[in-house]
Trainee: 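Take a look at the following structure, please.
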Amino acid sequence: MTGKKLLLSTLFTAFLVFVAGCNNQKEVQEITVAAASDVYLAFTEIGAKFKEETGTEVIFSFGSTGQLTKQIEEGAPFDAFAAANQSYIQELHDKEAIIDEYQKNYAIGRLGVYYPNLEIEQFDMNLMLDPSIKTIAIANPEHAPYGKAAKEALESMGIWAQVKDKIVYAENIRQAFQYVETGNADIGIVALALIEQSNQENFSLIDQHEHQPITQTFGIPVQSKKIEQAKQFIDFVLSETGQEILLKYGFEIPQE
């Protein structure tokens, strides 16, 4: 092969590599979303549907809303934040840590008692006072909205003082659920959204009037590098498809 042909061949190969690289970049588009632990099941399904429709993969970081809020304040590179309570989005707004014009309520969470380890037909809240119930798992109310709501409910029912020594604090609501699943807690006050359909006979809803509403809200951190894609994902969650999935997992739809 002559020098000229070798040069042309090398340039053509380099061009093909460049084109392939560009195509791969398109194929692996992704955004990172910080999300409250209660939406783990629902958002896993929504994320898969979103990728099917848009080609954009959603990388979720699930945790307690309070801890994720702190990470965002410190500059964590999330493109969107799905908080379990709108107060945390307001906190970020007050600190100018999120974009003003794209705060959206996406769901209202439901709270209840999960008791797969008890052999009973129907749960009564006063059963928590029974000496046989030694441990009650809740998310830490200091930084987890569902934990805060659980404490409010126990206080509203007038039994917090009697059961507080039984409380086992989890870092987030999903961990509280896991404590019960693994037998490390007798019962748990957890999110309906984490209970599989087959286990709902072992779950008793707490009246929403016993605690402040768990109004869940989106925000876009100011450090997001993919604001348009983040808006697209939020719009997808708020679309008929996204809302149907949230309803399937026991969320209620907020009224604007």
Trainee: Any cation-pi pair here, Lys148 with Tyr146, using under 6.0 Å and within 45°?
Mentor: no
Trainee: Flag the pair Asn105 / Gln216 as yes when at least one side-chain heavy-atom distance between them is below 4.5 Å, and no otherwise.
Mentor: no
Trainee: For Thr54 and Phe50, indicate whether the former's side chain and the latter's backbone hold a donor-acceptor pair under 3.5 Å.
Mentor: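 It does hold such a pair.
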Trainee: So, the side chain of Lys166 versus the backbone of Ile133: is there a donor-acceptor pair under 3.5 Å, distance only?
Mentor: yes
Trainee: So that I can tick it off, tell me whether Glu30 and Lys226 are bridged by a salt bridge, with the cut-off set at under 4.0 angstrom between side-chain N and carboxylate O.
Mentor: no
Trainee: Applying side-chain hydrogen bond (donor to acceptor under 3.5 Å, both in side chains) to Gln67 and Glu171, what does each step give before you reach the verdict?
Mentor: CA-CA 9 Å; Gln67 290 175 335; Glu171 284 300 299; 2.5 Å; yes
Trainee: Quick check: do Arg110 and Glu252 have side-chain heavy atoms less than 4.5 Å from each other?
Mentor: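 Answer yes - side chains close enough.
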Trainee: Can you find a heavy atom in the side chain of Gln86 that is under 4.5 Å from one in the side chain of Gln90?
Mentor: no
Trainee: For Tyr40, does the OH atom have more than 12 heavy-atom neighbours from other residues, nucleotides or ligands under 6.0 Å away?
Mentor: no
Trainee: For Phe60 and Ala35, work out which heavy atoms get closest and say how close.
Mentor: CD2-CB, 4.5 Å
Trainee: Are any of the side-chain heavy atoms of Leu192 and Gln200 separated by less than 4.5 Å?
Mentor: yes
Trainee: Mind listing the closest non-hydrogen atom pair of Gln223 and Ile72 along with its distance?
Mentor: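 Nearest pair, atom of Gln223 first, then Ile72: NE2-O, 3.1 Å.
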Trainee: Mind listing the closest non-hydrogen atom pair of Phe78 and Pro221 along with its distance?
Mentor: O-CG, 3.5 Å
Trainee: Which heavy atom in Leu238 sits nearest to a heavy atom in Gln243, and how many Å separate them?
Mentor: O-CG, 3.5 Å
Trainee: Could you report the tightest heavy-atom contact between Ile187 and Met128, atom names first, then the distance?
Mentor: CD1-CG, 3.5 Å
Trainee: Ring centroid separation for Phe218 and Tyr102, is it under 6.0 angstrom?
Mentor: no
Trainee: How are the rings of Phe203 and Tyr114 set to each other: parallel, tilted or perpendicular (split at 30° and 60°)?
Mentor: tilted
Trainee: Between Lys95 and Glu91 (salt bridge meaning N to carboxylate O under 4.0 Å), is one present in this structure?
Mentor: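 Yes, Lys95 and Glu91 are salt-bridged.
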